[in-house]
Visitor: 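Shown below is the structure under consideration.
Residue numbering restarts at 1 for every chain, and letters A, B, ... go by the order of the sequence lines.
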Amino acid sequence: MEEFPTNTNTKQTENLDEPPNSRLFVVTSRSITEDELRESFSVYGDIHGVWVVKDKQTKESKGIAYVKFAKSSQACLAMEEMHGRVLVEGTKPVKVFIAQSRSSTRHRDVEDEELTRIFVMIPKSFSEEDLKDTFKEYGDIEYCVIIKNKSTGESKGLGYVRYYKPSQAAIAIENCDKTYRAILAEPRTKAPVTEDYSGGTSRGDYSGGGGGGSDSSNQYAFPMADHGNYPAIDYRSSVDFTCCLMMSTRAALSQEQVFALFDLIPGMEYCELQRDAYGMNKGHALIRYANLGSSFYAREKLNGFEYPPGNRLSVNFVDDGEDRSSPVGRMAVQFVTTQMMSAPWNGPSSSQSMKPSFPISPMLRIQTDVNLPPLKKLAPPDSKAKERLFVVFSPSPLPPDVLEDVFCRYGSLIEVHLVPGRKVGYMKYSEKQVRLWTEGGACKQQKNRRHWV
DNA sequence: CGACGGGACGC
DNA sequence: CGACGGGACGC
């Protein structure tokens, strides 16, 4: 049996949490052995011990195990890479989490939310751009924030950096200049460290005593779908509601899987897996929708969604470069949010129903079912057709008036012609160069989108 | 003077 | 669902 080294005469439990977040909690098949675990996990770092928990009487595995790494970054990387993978043919996919520190009594999973944001001390002269430039070498940054005096606006010399992956935050903490004093940030809203007095928390030497358990109020801007106990989202980051979403995942997902998933919500314009530094299709994907209603709905439905089973996706807004600070932009945001709030929420408990059910409102239905370009006038009925689009419908054709409404937006449409009894039709235009999509990258998606039209 | 060490997010 | 062992150091 593999054992943690017995190199000191002090209780070993003190090593298990040193350094913090360097131990994995693995939920796996009962048949998996320590050797198999060590074999699979050893490529991610220096393993200091593997231990399969067994029933005291029967000595049978309980299907859970701990894997201790030398460094937190190694453990995080192993978690990100191994979560959801099948270790031995025919066994269930493993779930991998950072283990709770042994002194901790709670048995909640350690969420990515708690592992991706770091807290740093920086020169007062640092701008948020400086902060980003300094810490981007350790990983992809979701956002940077500097704590400032609210009245004068001057920096307090403290900042937060949110990465997309726990391993990136861990690498930053391990490798950045010591003068930054980088540590993991305590999650924002919950009262900081309530019961964990037992000499040092898993976060390292966090000594900043009080610091505001005062906030018991709901941080959500509005009632939200309840995705189990998925952690709260920071709505006050630099980015609020946009048409762009960033999806983060620990499981390996293919471009096709991500595409199919986000394409369930009508209005998807763009979806691309971002390769990580090692060229693996993991980590995160960028998705853009044609409108706020769609992106909002997609975030609601897919953030915290388990896909594949055992792997929770995180989906959040990212800056899409649009300015929504104008009165019109704000109204659009407000409109969408109120629609979403008042929409009958088909409960999350209903087994993650992922049907692209679009109850919301007539207004929103139009916004979301139909892609963006504005309506254009039809060409005179007797115009000569200079270009025709051949359209294949799957599963079946839509009403001609709907098609007209959609296809007239991309050129001067003369008429919609459906071939009777077939699932095909022609869109006749009086001009060449009918523009379907302005984005070059979206062309290949065209065929997949037909049935949403 | 200058080294040291400190540390928390507008609701 | 899925959370914490067995064995015995060295001055």
Visitor: Kindly say if A:Arg117 contacts the phosphate of B:dC9, meaning a side-chain N or O under 4.0 Å from OP1 or OP2.
Guide: no
Visitor: Can you name the side chain to side chain donor-acceptor pair (under 3.5 Å) partners of A:Ser127, sequence neighbours left out?
Guide: A:Asp130
Visitor: Output every pair passing ring pair (Phe, Tyr, Trp, His ring centres under 6.0 Å) with a member in residues 155-179 of chain A, not counting sequence neighbours, ordered by first then second residue.
Guide: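 Residue pairs passing ring pair (Phe, Tyr, Trp, His ring centres under 6.0 Å), neighbours aside: A:Phe119-A:Tyr160, A:Tyr164-A:His284.
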Visitor: For DNA chain C, which ranges pair as stems of 3 or more consecutive Watson-Crick or G-U pairs, with both donor-acceptor distances under 3.5 Å?
Guide: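 Stems for DNA chain C, defined as runs of 3 or more consecutive pairs: none.
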Visitor: Going by the rule salt bridge (charged side-chain N to carboxylate O under 4.0 Å, His left out), which residues pair with A:Asp46 if we only count those two or more places apart in sequence or in a different chain?
Guide: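 Partners of A:Asp46 by the salt bridge (charged side-chain N to carboxylate O under 4.0 Å, His left out) criterion come out as none, since no residue qualifies.
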Visitor: Would the base of C:dG2 count as contacting A:Lys95 through its side chain, where contact means a donor and an acceptor less than 3.5 Å apart?
Guide: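 Donor-acceptor pair under 3.5 Å: yes.
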Visitor: Looking only at side-chain N and O atoms, does A:Lys56 come under 4.0 Å of OP1 or OP2 in C:dG5?
Guide: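 For A:Lys56, the contact criterion (side-chain N or O under 4.0 Å from OP1 or OP2 of C:dG5) is met.
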Visitor: A:Lys59 or A:Arg30: which one's nearest nucleotide on DNA chain C is closer to the 5' end?
Guide: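 Here A:Arg30 is the residue nearer the 5' end.
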Visitor: Please list residues of residues 148-156 of chain A whose heavy atoms come under 4.0 Å from any atom in DNA chain B, ordered by number; otherwise none.
Guide: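 When residues 148-156 of chain A is checked for heavy atoms under 4.0 Å from DNA chain B, the hits, listed by number, are A:Lys150.
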Visitor: Could you check whether A:Val120 gets within reach of a base, just the sugar-phosphate, or nothing at all, counting any heavy atom under 4.0 Å?
Guide: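 Base contact - A:Val120 has a heavy atom under 4.0 Å of at least one base atom.
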Visitor: OP1, OP2 of C:dG2 versus side-chain N and O of A:Lys92: anything below 4.0 Å?
Guide: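 Yes, A:Lys92 has a side-chain N/O under 4.0 Å of OP1/OP2 on C:dG2.
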Visitor: What class does the angle between the rings of A:Phe97 and A:His83 fall in, given that below 30° is parallel, 30 to 60° is tilted and above 60° is perpendicular?
Guide: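 If you compare the ring of A:Phe97 with that of A:His83, the planes turn out perpendicular.
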Visitor: Syn or anti for B:dC1, please, going by whether the chi angle lies within 90° of 0.
Guide: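 Anti, since the glycosidic angle lies more than 90° from 0.
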Visitor: Go through the structure and list residues passing ring-ring contact (aromatic ring centres under 6.0 Å, His included) with A:Phe135, not counting sequence neighbours.
Guide: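 If we apply the ring-ring contact (aromatic ring centres under 6.0 Å, His included) test to A:Phe135, skipping adjacent residues, the hits are A:Tyr180.
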